[in-house]
There are 2 protein chains.
Amino acid sequence: MTAAQGSGRGRTKSTGAPATGRTHDPEGVKRNILEVATREFAAKGYSGARVDEIAAKTATSKRMIYYYFRDKEGLFVAVLEEAYSGIRRIERDLDLGDLPPADALRRLTEFTFDYQNAHPDFVRLVMVENIHDGEHLERSERIQSLNVSVIDVLEAVYRRGVADGVFRAGIETLDLHMTISALSFFNVANRATFSKIFKCDMRSDESLAKRRSQVAETVVRYVRKAAL
Amino acid sequence: MTAAQGSGRGRTKSTGAPATGRTHDPEGVKRNILEVATREFAAKGYSGARVDEIAAKTATSKRMIYYYFRDKEGLFVAVLEEAYSGIRRIERDLDLGDLPPADALRRLTEFTFDYQNAHPDFVRLVMVENIHDGEHLERSERIQSLNVSVIDVLEAVYRRGVADGVFRAGIETLDLHMTISALSFFNVANRATFSKIFKCDMRSDESLAKRRSQVAETVVRYVRKAAL
DNA sequence: AACGCATTGTACCATTCGGTTCAAAATCCC
DNA sequence: GGGATTTTGAACCGAATGGTACAATGCGTT
C-alpha cells in the first residue's frame, strides 16, 4: 500500500509515454479496481474489507471507486458479477468430446474440482455472499440472467449414460450437480478449519490429486448402475 | 433491540424475586451473551457483527462483554469454542449400536447431515472462521484440545465393514469423514446462493429428506465393495 | 455491620469508516 | 485550439465502532 501507488504513477504528463497507459482508460481503471476489490472482499469478507484499503491498493483513488461503482455495495455486486461470469464462461466452453459417459462425468467433476481450487477467491466470495443470505446476488440482474450451462452439459452426459445402460435412472441432474459442487467446494472453503482440526495438509499437490480422484470416484459411483 | 431489554429486567431489587434471577449470576450472564453473540456473528460475520448491537440484544450491557470476554475477538473465540464443543459433545455420545456396517455408516452420515441442518449457526460460524483463515481457532487451546471423536467412531465402522467384506479396503477414515462433512455442510452453507441460482428450495422437509438419503447413499456407495 | 471483591451501569473517547465536497487536470470532439 | 465532458485527487465530514474510565451496587465473609 505504499510503493505501488503515489506520486509517480508512470503515466503522467511530462514524460509523455502514451504507449501503454492512456490517461483516460475507464475500462482499465474499472478492471483494476475490481481485481483489488475481489481480493479484499475474498480475504476479509464484506464488512471486513475497507474501501480505503481497496483504494490504496489500486492504481487509482477512492474517488474513482465511488465514481464507477456508486458505493461499497455496488462494488461488491460488481465483484460478484465478475466472479460468476468467470465460471459460467468456462463452463460454457467445456467440451467433453465423445467420451464414454462415465469418463465424461469423471472429467466434468475433476474440472469443477480444479476450477474451484484454482479460484479460491471465487469460492470465498460465494461464502461471503452466503453469509449475507445472497442478498446481493438477488439484486444483480446480470447474475440472474447468466444461464447455468453446466446443468445442460451434465444433463446430456447423464442421459447418455442412462441410454448406454451404465448409469442408473432416476437421478436428477441438479442433485448430481450439487454433489459435485459440494465435494469440490468444501476442499477450498473449509480448508483452514478442517486442516487445523485434523492436522492435515489440504493444499499440497499430492493431497489435491488424491482428493480429486476420490471426489470423481465418489460421483461416478453414485450414478453408476451397480454391476449385477 | 427494543423491548427485550431496558429498565425492567425482571430481576431488580425491590420486587425481590430471588427465585430465578440472582443479581449476581456470572454464568447466566456469560451464557446470555454467548447466545446472542453466536446469532450475531453467524448472521453477519465477524466484522459485520457489532458489539453494541450484541450488547443491546443482551439482558446486560456492553461493559459486561468486555468484562468477561476482554474484547471482540475474545468474544468470537468463546463463541467458536462453544459451537465446537457442541458437536463434539454429541459426536461423543453417538451410539451406532451393533448395526451392520453399511447401516451404521448410513446412520452416521444422516446424523451429521441432520446436525448441520439443525445448527445453521454452527455452520455459518465455521464459514466465518474459514474466511478468516482459522486464525481464531488457532488461538484457542480449548478447541485444539477437543479431540475429534467422530473419527474413531467412523474408523470402527469402516474397519468392521472391511472385515465383513462389505467395504472395500484402502480408504482413509479422514477422507471418508471429509466426504460426509462436505456433502452435509454444503446444504446449509450454500443454501442461499445455490437455491437462488437454480431456483429451488433447499429447506423444505421434502427436499431435506430427499437430499439426506442421497447423501447417505453417496457415502455408502463410495465405500461399498462392488458386487461382482 | 462492615470490609473487600466480584459485578454492573453510564457516560465518554479516539479512531475508523463509508461517503462527499470542491476544484483541478486531462481528453475528446468539433 | 478551445470548450464541454470525463476523470482524478486531497481534504474533509458525520456517524458508527471498538473500547474505557469511573463510579457504584450487591454479595459473601468475618
Side-chain angles (χ1 to χ4, degrees), chain A residues 1 4-18 20-33 36-37 40-41 44-79 136, chain B residues 1 5-18 21-33 36-37 40-41 44-79 136:
Chain A
M1 33 168 155
Q5 53 114 241
S7 48
R9 224 187 292 62
R11 57 164 182 69
T12 6
K13 53 249 152 162
S14 51
T15 45
T20 356
R22 305 225 350 261
T23 344
H24 280 34
D25 180 14
E27 293 312 311
V29 171
K30 276 193 248 180
R31 203 175 337 113
N32 178 224
I33 293 175
V36 175
E40 287 292 308
F41 282 126
K44 306 178 188 168
Y46 177 75
S47 310
R50 303 300 171 200
V51 178
D52 282 294
E53 203 166 331
I54 293 174
K57 293 183 179 169
T58 295
T60 180
S61 70
K62 182 158 77 152
R63 182 72 187 71
M64 279 298 92
I65 294 178
Y66 287 97
Y67 181 72
Y68 284 124
F69 301 100
R70 186 193 157 103
D71 57 15
K72 191 182 182 181
E73 233 176 297
L75 178 58
F76 184 69
V77 171
V79 163
H136 308 95
Chain B
M1 28 157 162
Q5 54 114 239
S7 48
R9 224 189 290 61
R11 57 165 182 69
T12 6
K13 50 247 153 165
S14 52
T15 45
R22 307 225 350 259
T23 344
H24 280 36
D25 180 14
E27 292 313 310
V29 172
K30 276 194 247 181
R31 202 175 337 112
N32 177 225
I33 293 175
V36 175
E40 287 292 307
F41 281 125
K44 304 178 188 168
Y46 177 73
S47 311
R50 302 301 170 197
V51 178
D52 281 296
E53 203 166 331
I54 292 174
K57 292 182 179 169
T58 294
T60 180
S61 69
K62 183 159 75 150
R63 182 71 186 75
M64 280 300 94
I65 294 178
Y66 287 96
Y67 180 71
Y68 285 123
F69 301 101
R70 185 192 159 103
D71 57 14
K72 190 183 183 181
E73 232 175 296
L75 179 59
F76 184 69
V77 171
V79 163
H136 308 96

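Source: prediction; values computed, not measured. Labels below follow one simple rule: chain letters A, B, ... track the order of the sequence lines, proteins then strands, and each chain is numbered from 1.
Following rounding to the nearest Å, A:Phe41 (CZ) and C:dG18 (C1') show an atom-to-atom distance of 11 Å. Here the P atom of nucleotide D:dT17 and the NZ atom of B:Lys72 are 9 Å apart, to the nearest Å. Atom pair A:Asp52:CG and D:dC12:C1' shows a separation of 12 Å (rounding to whole Å applied). For B:Ile33 and C:dT8, the CD1 to P distance is 9 Å, given to the nearest whole Å. One atom, CG of B:Asp71, and another, P of D:dT20, lie 8 Å apart when rounded to the nearest Å. Rounded to a whole Å, the OH atom of A:Tyr66 is 11 Å from the P atom of C:dC17. As a whole-Å value, the separation of B:Arg70 CZ from D:dG19 P is 9 Å. Protein atom NZ of B:Lys30 is 15 Å distant from nucleotide atom C1' of C:dT8, rounded to whole Å.
Looking at B:Lys62, B:Lys57, B:Arg63 one by one, the single match for salt bridge (charged side-chain N to carboxylate O under 4.0 Å, His left out) with B:Asp52 turns out to be B:Lys62.
Of all heavy-atom pairs spanning A:Ala37 and A:Val79, the tightest one is CB-CG2, 3.7 Å.
Considering only side-chain N and O atoms, B:Tyr67 lies nowhere under 4.0 angstrom from the phosphate OP1 or OP2 of D:dG19. Under 4.0 angstrom from either OP1 or OP2 of D:dA16 there lies no side-chain N or O belonging to B:Arg50. When the side-chain nitrogen and oxygen atoms of B:Ser61 are compared with OP1 and OP2 of C:dT10, none of them lie within a distance under 4.0 Å.
Residue B:Phe69 is classed as having no contact, given no heavy-atom separation below 4.0 Å to the nucleic acid.
Side-chain contact between B:Lys72 and B:Phe76 is absent, with no heavy atoms from C-beta onward closer than 4.5 Å. In this structure the side chain of B:Ile33 reaches within 4.5 angstrom of the side chain of B:Met64, judged on heavy atoms. Contact check for A:Leu75 versus A:Ile54: side-chain heavy atoms found under the 4.5 Å cut-off.
Listed by chain and residue number, B:Glu27 satisfy the salt bridge (charged side-chain N to carboxylate O under 4.0 Å, His left out) test with B:Lys30 (two or more places apart in sequence, or in another chain).
Taking only distance into account, the side chain of B:Lys62 never meets the base of C:dG9 through a donor-acceptor pair shorter than 3.5 Å.
If you check C:dG18, C:dT10, C:dT7 against the side chain of A:Val51, the one that comes closest is C:dG18.
A:Tyr46 OH to A:Glu40 CD: the interatomic distance, rounded to the nearest 0.5 Å, is 14.0 Å.
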Distances under 3.5 Å between nitrogen or oxygen atoms of protein and nucleotides 21-24 of chain D:
from, atom 1, to, atom 2, distance (Å)
D:dA21, N6, B:Arg63, NE, 3.3
D:dC22, N4, B:Arg63, NE, 3.4

